[in-house]
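A quick note: this is a predicted structure, and the numbers were derived from the prediction, not measured. When a ligand or atom number is given, it counts from 1 through the structure's own listing order.
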Amino acid sequence: MSELVPLVARTAAIASSGALPLVVFDLDSTLFSTGERHRRILAEFAARHGDPGLQTLVDGLSPRDFRWSVLGPLQRAGWDDPALHKAVMKAWSKAFFSDRMADVDLLVRGAHGFVHAVADAGALCVYLTGRDAPGMGAGTLRLLHRAGLPLLDGHGLAMLKASTSAADAAHKQDAAARLRALGTVVATFENEPGHANDFLAAFPEGTHVLVGDVHRPGAPDPDPALVCVEDFRGPWEA
Ligand SMILES: [Mg+2]
């Protein structure tokens, strides 16, 4: 049985006690895979670059071929030219954090069903992301809406950074303090061990879940008390 199943009943129990259950979700590499965003950015680069070999390589890629870095598929195929990597990264950093690309990501397996299961049990679903509101706010709301996640029905709340320069960890810790005043944190979901460890320290009574294995290089070790899952698969899948 999925380790996530008991969280639905726990959400319902907290709701029936009169408290507001909160379930907190990171977006990038947690509810959504960023592989399609990487793929589109690399496809745009290849179309401009004009090298038929690079174009052929990129044409054959799927979102699943990408993990943390957009350079991964190039490196695996032997495209190791530092000047090419620098040019790709310049294009990537401009596009990856843009509103234009903010709504192309694809839901992780089971995510739609699980988020709805906890919402139906009475949770407020909190989308707590390192995306910044000025640069990616509109696109992120389009993403959540197109993915069919609770947002405009009173069961969803999006918390984005106030600026690109704000640190993700500080943003999430500030948000945690506000959430504490709002309700009871049932669970948090993260792909970054550092943020998951912080949530465990902030809400030791909650369940803190590390999703997948895509995270920044050099990330701290996950606390052994974290629950680790590959994705959100479970009985809520259609
Ligand atoms: Mg993330």
Side-chain angles (χ1 to χ4, degrees), residues 4 22-41 63-64 66-72 92-93 95-99 101-112 114-115 118 125-133 135-137 139-144 146-147 149 151 156-176 179 185 187-203 206-223 226-233:
L4 307 185
L22 306 173
V23 182
V24 182
F25 299 97
D26 173 52
L27 297 182
D28 294 335
S29 302
T30 298
L31 279 182
F32 293 88
S33 163
T34 59
E36 175 60 9
R37 200 171 357 151
H38 287 311
R39 192 198 65 76
R40 289 195 192 198
I41 293 168
R64 289 185 300 281
F66 295 88
R67 291 175 52 74
W68 174 259
S69 173
V70 69
L71 297 178
W92 175 86
S93 62
F96 192 79
F97 302 104
S98 72
D99 201 68
M101 287 281 181
D103 63 346
V104 303
D105 293 334
L106 303 174
L107 279 166
V108 165
R109 177 177 170 182
H112 181 276
F114 179 75
V115 176
V118 293
C125 300
V126 180
Y127 309 109
L128 176 52
T129 171
R131 294 173 174 219
D132 71 292
M136 301 180 76
T140 299
L141 297 184
R142 288 198 307 273
L143 173 73
L144 294 167
R146 286 181 186 171
L149 296 182
L151 182 65
L157 170 68
M159 301 179 81
L160 284 75
K161 294 196 302 192
S163 72
T164 42
S165 59
D168 288 7
H171 164 62
K172 295 197 174 189
Q173 286 167 11
D174 288 350
L179 293 175
V185 171
T188 68
F189 292 83
E190 259 292 343
N191 68 298
E192 288 294 347
H195 298 327
N197 292 346
D198 287 346
F199 287 137
L200 175 65
F203 304 107
T207 298
H208 303 283
V209 184
L210 195 58
V211 181
D213 58 0
V214 175
H215 55 70
R216 70 181 71 248
D221 290 336
D223 190 293
L226 299 179
V227 174
C228 297
V229 298
E230 187 179 339
D231 52 34
F232 292 85
R233 72 185 67 183

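Taking the Mg ion (ligand 1) as reference, D26 places its N/O/S atom OD2 nearest. Restricting D28 to its N, O or S atoms, the one at the least distance from the Mg ion (ligand 1) is O.
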- Task: Would you sort out whether K172 and D198 count as a salt bridge (charged side-chain N to carboxylate O under 4.0 Å, His left out), showing the intermediate values?
- Result: CA-CA 9 Å; K172 295 197 174 189; D198 287 346; over 6 Å; no
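Other residues, nucleotides and ligands contribute over 12 non-hydrogen atoms within 6.0 Å of the CZ atom of R142.
Here the rule is side-chain contact (heavy atoms from CB on, under 4.5 Å) with V227, and of V211, T207, L210 only T207 fits it.
With a cut-off of 2.8 Å, the Mg ion (ligand 1) has no N, O or S atom of S29 in range.
Side-chain polar atoms of T30 and N191 form a donor-acceptor pair below 3.5 angstrom.
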